[in-house]
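Scroll down for the structure; my scribbles are underneath it.
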Amino acid sequence: MLTARAHDPELMDAADLPPATYAQVLGDLARVNTVTMARPMTLHWLVRATKGLDSFSLIDIGFGHGDMLRAIARWAAGAGKVVALTGYDLNPNSAAVARTASAGLGIDFVTGDARHAPAPDFIISSLVAHHMGDEELVDFIRWMDGTARRGWFINDLHRHWVAHRGYQLLSTVAGWHPIVRHDGALSVRRGFSRGDWGRLLDAAGVRAGVSWHFPFRWGVESVR
Ligand SMILES: C[S@@+](CC[C@H](N)C(=O)[O-])C[C@H]1O[C@@H](n2cnc3c(N)ncnc32)[C@H](O)[C@@H]1O
């Protein structure tokens with residue numbers, strides 16, 4: 001079971017999903033991120049990676065509800081760092097939702113592909129790599145490695161039956177939106193083993209650190 005990455009499409013990626021439903025899905029996804037402690041591992045990496053820097057620029061690929069960028073903006077303000085934070089998301093319905101939830105934090109939310117954006121110091125993504133097929137992900141890793149001036153970080157899921165079963169139970173008890181329940185469990189199946197990361201990084205020709213984080217996440221990182 002779960003020996004290879006699943007490739008079934010996620011319901012939240014359907015182009016005909018009504019914007020109001022999509023907004024509900026993103027809201028619940030931000031709640032999932034809180035309950036499953038999704039943000040601390042990226043924040044801890046960023047604290048290390050920005051040590052000694054008074055200012056930096058960062059882009060978050062696939063920002064969704066924008067909760068990771070809000071957490072970074074609040075941490076940076078508390079740490080006295082000047083930041084230029086930009087999110088890119090392919091789904092045209094994400095930006096309005098994230099902007100409303102992030103008012104006053106000075107974060108720029110853009111719809112579209114980040115590949116034409118000016119090179120930032122850091123590039124991050126959370127729960128986005130598993131949306132990509134292997135070939136697209138290899139290209140993405142190469143692009144991040146060639147573009148980020150100071151470093152990059154992928155935060156994504158460990159494909160493991162305990163995570164799969166645990167998420168099904170948690171999401172049912174929590175009463176999250178049916179799409180979030182379906183896609184979350186599928187996301188674990190679309191997720192990664194340690195061996196997958198070795199294979200994908202080799203294919204990209206990129207050297208990066210891979211670390212496991214509780215509960216059932218991978219951090220894939222490079223700092224210059
Ligand atoms: C599962 S959601 C994760 C959202 C958020 N990062 C989080 O952790 O909750 C995946 C998001 O990535 C976006 N996305 C998927 N592939 C993308 C890509 N290649 N470039 C930019 N955004 C992408 C989707 O539109 C969606 O908003």
Side-chain angles (χ1 to χ4, degrees), residues 6-17 19 21-43 45-46 58-73 85-99 101-102 107-117 120 122-144 147-148 152-157 163 167 171 176-177 179-192 213 215-220:
H7 295 290
D8 319 49
E10 294 197 29
L11 301 178
M12 72 173 291
D13 288 337
D16 58 355
L17 200 63
T21 306
Y22 186 71
Q24 275 181 283
V25 167
L26 287 188
D28 270 358
L29 198 48
R31 286 178 201 104
V32 173
N33 286 338
T34 300
V35 172
T36 61
M37 299 179 288
R39 295 183 286 273
M41 58 185 268
T42 297
L43 280 171
W45 172 81
L46 196 59
L58 174 145
I59 66 180
D60 180 17
I61 305 297
F63 56 78
H65 202 269
D67 47 305
M68 185 69 82
L69 286 169
R70 288 195 291 284
I72 292 171
L85 302 178
T86 310
Y88 284 85
D89 199 300
L90 292 183
N91 191 313
N93 294 316
S94 297
V97 177
R99 271 186 210 124
S102 312
I107 304 167
D108 201 11
F109 292 103
V110 179
T111 298
D113 193 332
R115 284 169 201 249
H116 309 296
F122 299 102
I123 302 176
I124 61 166
S125 71
S126 186
L127 296 183
V128 175
H130 73 255
H131 279 249
M132 302 180 188
D134 285 0
E135 215 172 296
E136 187 184 359
L137 183 48
V138 165
D139 273 358
F140 181 64
I141 292 168
R142 263 194 215 123
W143 169 75
M144 282 191 303
T147 305
W152 54 267
F153 188 82
I154 292 174
N155 174 335
D156 218 294
L157 301 172
Y167 181 81
S171 62
W176 289 321
H177 193 284
I179 292 180
V180 175
R181 279 155 50 190
H182 169 275
D183 282 4
L186 173 57
S187 296
V188 175
R189 293 173 46 232
R190 292 186 61 112
F192 306 92
H213 298 258
F216 293 97
R217 292 226 170 201
W218 296 111
V220 185

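Every number for a ligand or one of its atoms is a count from 1 in the order of the listing.
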Asp13 and Asn91, any side-chain heavy atoms less than 4.5 Å apart:
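No - every pair of side-chain heavy atoms lies 4.5 Å or more apart.
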
His130 and Glu10: side chain donor to acceptor below 3.5 Å
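There is such a pair between these side chains.
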
Just to verify, what does His213 make a side chain to side chain donor-acceptor pair (under 3.5 Å) with, not counting sequence neighbours?
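Result, side chain to side chain donor-acceptor pair (under 3.5 Å) vs His213: Ser211.
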
Ring centres under 6.0 angstrom apart (Trp45, Phe153):
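Aromatic pair counts; centres sit under 6.0 Å.
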
Might you point out which heavy atoms bring Ala101 and His65 nearest each other, and give the distance in Å?
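In this case the closest contact between Ala101 and His65 is CB-CE1, 3.5 Å.
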
Atom-level proximity to ligand 1, residues with heavy atom under 4.0 Å:
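Close residues (ligand 1, cut-off 4.0 Å): Met12, Tyr22, Leu29, Asn33, Ile61, Gly62, Phe63, Gly64, Tyr88, Asp89, Leu90, Asn91, Ser94, Ser126, Leu127, Val128, His131, Met132, Glu136.
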
Between Asp60 (side chain) and Gly87 (backbone), is there a donor-acceptor pair under 3.5 Å?
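Side chain of Asp60 to backbone of Gly87, a donor-acceptor pair under 3.5 Å: no, none is there.
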
